[in-house]
Participant: 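This is the structure I want to talk about, given as structure tokens.
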Amino acid sequence: MKQNNWIPRKDSPGKRAVLLTGGAGFIGSHTYVALKQAGYEVIIVDNFSNALEDTPERLQQLTGSKVICYADDLLDRSAIRRIFDNHPIDAVIHFAAKKSVAESTTAPLVYYENNVSGLIGLLEEMRRASVFNLVFSSSATVYGSPETLPVRENAALSSTNPYGFTKLVCENVLSDLQKFDPRWNVGILRYFNPVGAHSSGLIGESTTGIPDNLMPYIAKVATGELPFLRVFGADYDTLDGTGVRDYIHVMDLAEGHVLSLEELLDGAGSHIVNLGTGRGYSVLEMLKSYETACGRTLPYQVMPRRPGDVGEVVADPANANALLGFEAKRDLDHMSKTSWNWMLQRMD
Ligand code: UFG
């Protein structure tokens with residue numbers, strides 16, 4: 001396993017500076033904390049379309065240092081250019097994108113504009129500023145309906161919805177960029193199902209509206225905001241018939257970004273890796289774990305399968321382990337507990 005051996009550059013012995021696009025969002029804010037813990041200087045740019053306004057103050061409270069945050073949209077090129085002009089940046093971690101499968105089918109152009117045009121504009125500004133290190137948020141969605149499990153990075157890529165296609169297009173853009181311009185170092189991270197929250201309860205997933213994803217939905221059943229969980233299908237070929245996914249704690253995911261970044265800054269080169277645990281849980285197992293965390297039974301009803309869903313998706317995390325030394329450390333118990341703790345803090 002590769003050891004975590006980042007050392008400051010000789011020509012710039014200070015802290016390395018990282019720009020986080022979408023850094024006030026769910027995964028971005030947790031990655032902010034992990035980067036600060038690892039000694040990085042971090043600059044956030046976020047348009048707050050899917051982030052809580054008080055996230056920068058909460059990050060300040062959590063890390064004990066001033067948060068540099070620009071409330072700008074990635075599509076506003078002059079605003080992004082100003083950030084690169086104002087800060088010497090060594091690398092970018094690019095989270096800012098839209099991520100709802102359902103919404104992408106009703107507004108595909110919004111998805112292509114935000115996710116694809118957003119990335120291209122960012123890459124152009126990076127090139128202008130001579131910043132060539134990028135960690136990119138991709139998703140297990142690029143595997144479509146995987147033919148073999150656990151899914152390895154060399155599995156066939158496909159998609160059934162505009163959101164998934166935007167991730168595929170972005171991966172292609174990045175692969176061409178590295179192929180034809182060797183200055184670029186890119187870490188493509190394919191996330192499985194991120195859940196949980198920071199153990200402080202100060203940051204977590206924004207909970208406005210009716211969630212698409214399982215754990216935020218269960219969380220709202222637990223608070224009483226939603227009456228029951230709709231279990232989408234109990235007739236899959238899985239242990240209890242409900243869908244199985246590879247849930248990964250958001251702090252494990254965040255630490256995966258730090259490892260990917262260090263690989264790039266060490267000059268070890270580009271990589272594409274799955275970030276998952278390699279262990280799947282069913283919808284009913286997730287519900288049970290959340291019941292333990294919140295201390296009560298949660299109602300559910302079995303409904304028909306959700307269109308586009310597959311029975312089981314589980315990562316093969318071997319590549320992330322071999323290349324980055326990545327290993328998910330937090331278990332399901334911790335995922336549910338920290339999610340519930342975050343919900344309780346938001347209700348205060
Ligand atoms: N589920 C329910 N009820 C709900 C929500 C989900 O039963 O209210 C079930 C789903 O049917 C599935 C499992 O819970 O079996 C997980 O569903 P999520 O919506 O939480 O996650 P998905 O795996 O469907 O989707 C996630 C991301 C997508 C990404 C996809 C690809 O949310 O952005 O993984 O791996 F595209």
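Whatever order the structure lists ligands and atoms in, that order sets their numbers, starting from 1. Atom set for the values below is all heavy atoms of this structure, side chains included, hydrogens, waters and symmetry mates excluded. Throughout, numbering of the chain's residues begins at 1 and tracks the sequence.
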Participant: So, S78 versus D76: side-chain donor-acceptor pair below 3.5 Å or not?
Facilitator: yes

Participant: Tell me the protein heavy atom at minimum distance from atom 3 (N) of ligand 1, and give that distance in Å.
Facilitator: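 Minimum-distance protein heavy atom for atom 3 (N) of ligand 1 reads R230 O, 2.7 Å.
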
Participant: Between Y217 and ligand 1, which residue portion shows a heavy-atom distance shorter than 4.0 Å: side chain, backbone, both, or neither?
Facilitator: side chain

Participant: At a 4.0 Å threshold, what atoms of ligand 1 neighbour a non-hydrogen atom of G243?
Facilitator: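 So the answer, numbered in order with elements, is 15 (O).
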
Participant: Holding to side-chain hydrogen bond (donor to acceptor under 3.5 Å, both in side chains), I want the full list of residues that pass it with S49, two or more places apart in sequence or in another chain.
Facilitator: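 Residues passing side-chain hydrogen bond (donor to acceptor under 3.5 Å, both in side chains) with S49: N47.
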
Participant: With no hydrogens and no angle check, do the side chains of E312 and T238 hold a donor and an acceptor under 3.5 Å apart?
Facilitator: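 The criterion, which ignores hydrogens and geometry beyond distance, is not satisfied for T238 and E312.
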
Participant: Could you list the atoms of ligand 1 found under 4.0 angstrom from a heavy atom of V231?
Facilitator: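 The list of qualifying atoms is 7 (O).
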
Participant: Is R305 close enough and on-axis enough to Y236, meaning under 6.0 Å and within 45°, for cation-pi?
Facilitator: yes

Participant: Check whether any heavy atom of F192 sits under 4.0 Å from an atom of ligand 1.
Facilitator: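 Contact check F192 vs ligand 1: negative.
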
Participant: Starting from atom 12 (C) of ligand 1, locate the nearest protein heavy atom and write down its residue, its atom name and how far away it is, to 0.1 Å.
Facilitator: R245 NH2, 3.7 Å

Participant: Linking I/L/V/M/F/W/Y whenever any side-chain heavy atoms sit under 4.5 Å apart, do I248 and V273 land together?
Facilitator: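 Yes: a chain of side-chain contacts under 4.5 Å links I248 to V273.
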
Participant: For Y247, which part has a heavy atom under 4.0 Å from ligand 1: side chain, backbone, both, or neither?
Facilitator: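 Within the 4.0 Å criterion, Y247 contacts ligand 1 through side-chain atoms alone.
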
Participant: Which protein non-hydrogen atom lies closest to atom 10 (C) of ligand 1, naming both residue and atom, and how far is it?
Facilitator: D309 OD2, 3.3 Å

Participant: Which residue supplies the protein heavy atom nearest to atom 5 (C) of ligand 1, what is that atom called, and how far is it?
Facilitator: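 Atom 5 (C) of ligand 1 sits closest to the protein heavy atom D212 O, 3.4 Å.
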
Participant: Answer with side chain, backbone, both or neither: which part of S139 has a heavy atom less than 4.0 angstrom from an atom of ligand 1?
Facilitator: side chain

Participant: Parallel, tilted or perpendicular: which fits the ring planes of W184 and F132, with parallel below 30° and perpendicular above 60°?
Facilitator: perpendicular

Participant: Flag the pair R16 and D266 as a salt bridge only when some basic side-chain nitrogen lies within less than 4.0 angstrom of an acidic carboxylate oxygen.
Facilitator: no

Participant: Under a 4.0 Å threshold between the charged nitrogen and the carboxylate oxygen, would D246 count as salt-bridged to R279?
Facilitator: no

Participant: Answer side chain, backbone, both or neither: which part of N213 comes under 4.0 Å from ligand 1, heavy atoms only.
Facilitator: both

Participant: Counting heavy atoms only, which of V101, T160, N193 comes nearest to atom 34 (O) of ligand 1?
Facilitator: N193

Participant: Among protein heavy atoms, which lies nearest atom 36 (F) of ligand 1, and at what distance?
Facilitator: T141 CB, 3.0 Å

Participant: If I apply the N/O under 3.5 Å rule, does F232 come out as touching ligand 1?
Facilitator: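 Looking only at distances, the answer is yes, because the N/O contact criterion of under 3.5 Å is met.
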
Participant: Are Y247 and V313 connected into the same hydrophobic cluster when the rule is that any two of I, L, V, M, F, W, Y join if their side-chain heavy atoms are below 4.5 Å apart?
Facilitator: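 No, V313 and Y247 fall in different hydrophobic clusters.
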
Participant: When only distance counts, is V283 in polar contact with ligand 1, meaning an N/O pair under 3.5 Å?
Facilitator: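 No.
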
Participant: If you measure from each non-hydrogen atom of K99 to ligand 1, which part falls under 4.0 Å: side chain, backbone, both or neither?
Facilitator: backbone

Participant: Among V244, V313, L214, T238, whose heavy atom sits nearest atom 20 (O) of ligand 1?
Facilitator: L214

Participant: Please state which protein non-hydrogen atom is closest to atom 33 (O) of ligand 1 and give its distance, to 0.1 Å?
Facilitator: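 Atom 33 (O) of ligand 1 sits closest to the protein heavy atom Y163 CE2, 3.5 Å.
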
Participant: Does the distance from a Lys or Arg side-chain N to an Asp or Glu carboxylate O, for R82 and D85, drop under 4.0 Å?
Facilitator: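 Result for this pair is no, no salt bridge flagged.
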
Participant: Mark up the atoms of ligand 1 that fall under 4.0 Å of a heavy atom belonging to R306, in ascending order.
Facilitator: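 The atoms of ligand 1 under 4.0 Å from a heavy atom of R306 are 5 (C), 6 (C), 10 (C), 17 (O), 18 (P), 19 (O), 24 (O).
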
Participant: Is R190 salt-bridged to E153, cutoff N-O under 4.0 Å?
Facilitator: no

Participant: Decide, yes or no, whether a salt bridge links E205 with K99 under the criterion of side-chain N to carboxylate O below 4.0 Å.
Facilitator: yes

